[in-house]
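Lettering of chains follows the sequences in order, A, B, ..., and the numbering in each one begins at 1. These numbers were taken from a predicted model, which means no experiment stands behind them.
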Amino acid sequence: MMDLLNILLSDSFWAASLRIATPLIFGVLGALICERSGVLNLGIEGIFVVGAMCGWMAVWLGASLWGGVLAAALAGAAFGFLHALLTVPLGLSQHVSGLGITLFATSASYFTYRTALPNVSSPPRIEPFQPLDIPVLSDLPVLGPVLFQQTALTWLALGMVGLVWFVLDRTALGVALKAVGDNPDSVDAQGLSVYGLRIGAIVAGSSLMALGGAFLTMSAFDAFFFGMVNGRGWVCIALVIFASWRPGKALLGAILFGAFDALQVRLQTEMGALVPGQVFLMAPYILSITALVIAARSADYPRALLTPWFKGQR
Amino acid sequence: MTPYPVLQLRGLSKRFGPVVANDDVSLTLHKGEVLALLGENGAGKTTLMNMLFGHYLPDAGTVEVADAAGALQPLPLGHPQAALAAGVGMVHQHFALAENISALDNITLGAEPLWSLRRNRAAAKAKVEGIIQRSGLSAPLDVPVGRLSVGERQRVEILKALYRDARILVLDEPTAVLTPQEADTLFANIKAMTKSGLSVIFISHKLREVLAFSDRIAVLRHGRKVGEMPTSEANEAKIARMMVGADTPLVEREPLAPGAPVLNLSGMSVVGRSKRETLNAVNLSVHAQEIVGIAGISGNGQHALAQVISGLKAPDMGTVAIDQAAIAHPTPARMVKAGVGRIPEDRHHEGIVGAMSVAENLVLERLTEPDVSTGGLLRREDIAANATKLAKAYDVRGPGTEAQARLLSGGNIQKLILARVFERNPRLILANQPTRGLDLGAAAEVGRRLLDARARGAGVVLISEDLDEILGLSDRVLVIRDGQLIEAPTRDRATIGLMMAGETV
């Protein structure tokens with residue numbers, strides 16, 4: 001019991017939680033924007049892979065770190081655009097298109113990697129983002145040490161939470177986005193473009209997802225590995241429901257998941273002799289399913305989610 | 001000053017595949033005028049207005065709208081944005097409101113720049129409040145629209161148009177969801193607004209309100225304009241003749257003495273998740289040779305009542321008896337067996353199986369009977385013969401009895417259901433919104449069939465939102481409100497309207 005308390009009170013535990021949460025924050029925000037406009041984006045898992053690959057490879061090819069981030073965002077946007085074309089003007093099944101994007105994006109990334117590096121057993125390393133020391137904030141008593149160990153991408157993720165909240169809650173664009181996900185006719189009748197809003201939302205959301213992937217190769221690790229995304233995209237799809245499509249709750253959900261994950265790593269080292277390690281590996285997922293069951297009952301689904309809309313058919 | 005034209009539609013035509021929705025329709029609207037656009041379902045009223053508003057692109061024809069100075073200017077077609085900018089506002093029959101944002105946000109949606117970081121909600125709110133004061137159309141502005149009543153939502157729709165400085169307002173069946181009192185208030189507000197220069201087109205098929213509130217009437221039939229007249233020269237018979245193209249046979253209800261009770265509901269309650277699914281200690285007796293009309297605004301428990309009578313839901317308290325024999329555990333099959341015939345509210349989804357043939361749908365409720373199947377195998381020839389006979393007797397028209405039922409039009413689907421129900425000679429008929437969405441001819445046919453069944457000794461529960469239909473067909477009228485049934489003391493429209501709105505009379 002004391003051990004658990006020690007873990008929960010340590011800076012390093014919370015620093016690890018926030019680090020694990022960072023890609024999820026990007027992913028949940030991205031999925032949230034897509035779904036608020038009425039379109040489910042199951043391409044998220046593949047877009048994570050694309051972001052991870054492109055960001056890392058751009059840097060390896062000589063771009064700056066921020067150049068890599070930009071490359072990842074653009075690659076994510078491109079796959080998002082493809083998903084948007086299939087699901088918005090063509091109105092195809094969002095599930096099928098999304099899963100197709102995931103399969104396509106994943107294998108396209110692996111293919112590009114293998115084509116560029118045909119005969120390597122371990123990928124070349126890049127110099128990743130380093131922890132940021134922000135003068136005043138780092139000196140805060142509890143938060144300081146937790147935040148001090150984070151890189152610029154984590155700060156960017158936290159900033160994005162604020163930005164997405166601001167846009168959704170305080171701007172006309174946000175109102176239009178929420179409206180198009182609830183009743184596209186309301187937007188159309190007021191002379192705004194349903195297609196434009198939805199395509200824009202999917203493209204923007206997908207580039208955020210790709211940033212989640214880029215964090216993995218450019219901050220958490222320093223190279224691209226097969227299978228490194230490891231279901232993080234799917235976790236985000238669940239977290240959006242947990243968050244009831246709100247950015248603040250999305251941050252909370254991502255950090256909770258990060259904390260479960262950080263905790264299981266620590267418990268594994270402490271209690272590994274008693275319980276098989278796989279049990280701990282399962283723990284965060286079991287807990288997130290439990291949280292989902294509780295939260296999803298009261299979740300406020302965007303009413304037009306999954307429903308295609310066609311111009312001129314009322 | 002003579003009223004000048006503010007809107008000129010010239011030669012508008014639109015086809016959807018082989019269907020001609022509008023054929024060379026021309027229409028003029030003057031400043032300060034209320035024009036009623038009448039016609040049966042499918043006559044092309046909504047299509048015409050959707051072309052005016054830019055939702056559809058016409059195949060031929062032009063639209064001209066007066067600018068602020070009163071000069072007619074051509075309107076670019078196919079662009080709602082252009083129609084809005086020209087001062088045309090449209091209120092659709094199905095509200096175009098996002099329920100997760102406030103009324104104010106719905107009103108300002110699209111009127112403010114999307115990419116601005118700041119919103120001037122205070123100024124927008126002040127403007128809307130000014131409009132509310134001038135027009136008398138009030139609605140709470142700051143709560144999500146999902147929590148507003150239907151009447152409030154409709155006012156928000158009109159406010160949306162007025163906020164965009166609409167000089168021409170198009171209302172598509174504005175009173176379909178309102179109580180008679182709400183409808184009267186709405187028209188009074190509209191009348192007042194026309195004094196300050198608003199011009200209004202409203203689509204309706206309720207002759208009463210058309211005669212009471214419009215200045216001029218235009219009638220469409222089969223996509224063409226077949227008549228136009230000042231309201232002062234019109235009367236119900238004249239308009240009905242124009243709409244249908246012939247004299248409508250009136251449905252006459254012969255007085256009949258009610259027989260033994262066929263349905264008894266006593267102390268029946270249903271606990272539901274919403275008002276439409278809830279009933280509170282309802283007592284209802286329906287006798288043979290009697291039509292009992294249940295009036296009420298939709299969502300007040302009609303759904304629960306229909307579910308119980310059709311056996312889809314067991315009551316949480318109380319008993320259901322058919323022919324004075326209590327049904328212990330009601331299921332749809334048991335109710336059908338006991339002699340209940342159902343005409344469901346949603347005829348497309350609950351009335352037929354769309355992917356099955358017309359012939360199969362006609363025998364759906366009696367699959368195990370000897371002329372339909374023997375030893376579990378269908379008797380195809382007998383089913384086909386039965387279908388041919390019934391399609392003729394009930395005038396079910398369409399691509400044939402072996403075609404999928406979903407290919408039939410709404411009116412023919414209803415006739416299919418009538419054929420299936422009446423052929424069994426049911427003891428009790430549950431008719432839930434039996435004429436909703438049907439044109440006058442088909443609706444009259446439904447009324448006649450119900451009266452025939454009554455004459456043959458059946459009891460009928462008629463649930464409808466159309467008060468005129470209830471008054472025309474029913475021997476007794478009850479009002480359903482908040483899950484309770486109250487016997488109407490009179491057959492006076494105004495009194496029943498007040499009861500529907502929840503006032504004690």
Visitor: Taking side chain as everything from C-beta outward and backbone as N, CA, C, O, which of these in B/L117 sits under 4.5 Å from a heavy atom of chain A? Side chain, backbone, both or neither.
Guide: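 For B/L117, backbone and side chain are both near chain A.
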Visitor: Let me know if B/R164 has heavy atoms under 4.5 Å from chain A in its side chain, its backbone, both or neither.
Guide: side chain
Visitor: With a 4.5 angstrom heavy-atom cut-off, is it the side chain or the backbone of A/V180 that approaches chain B, or both, or neither?
Guide: neither
Visitor: Do A/S206 and A/N41 get their side chains close enough for a donor-acceptor pair, meaning under 3.5 Å?
Guide: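 Yes, because at least one side-chain N or O of A/S206 sits under 3.5 Å from a partner of the opposite role on A/N41.
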Visitor: Looking at A/Y195, I'd like to know if its OH atom is crowded, meaning that more than 12 non-hydrogen atoms belonging to other residues, nucleotides or ligands lie closer than 6.0 Å.
Guide: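 Check passes, neighbour count above 12.
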Visitor: Without hydrogens or angle criteria, can the side chains of B/N22 and B/T47 be said to hold a donor-acceptor pair below 3.5 Å?
Guide: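 Not at all, the side chains of B/N22 and B/T47 share no donor-acceptor pair under 3.5 Å.
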Visitor: I need the residue from A/V175, A/T171, A/D182 with the largest number of non-hydrogen atom pairs under 4.5 Å to chain B.
Guide: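 Sorted descending by pairs with chain B, the first entry is A/D182.
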Visitor: Which one, B/I101, B/T46, B/T108, B/L57, leads in non-hydrogen pairs under 4.5 Å with chain A?
Guide: B/I101
Visitor: With a 4.0 Å cut-off, would you call B/D59 and B/R15 a salt bridge?
Guide: no
Visitor: Using non-hydrogen atoms and a 4.5 Å limit, figure out which bit of B/L104 sits close to chain A: side chain, backbone, both or neither.
Guide: neither
Visitor: Kindly give the heavy-atom pair with the smallest separation between B/A103 and B/P140, and that separation in Å.
Guide: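 Looking at all heavy atoms of both residues, the shortest contact is CB-O, 3.4 Å.
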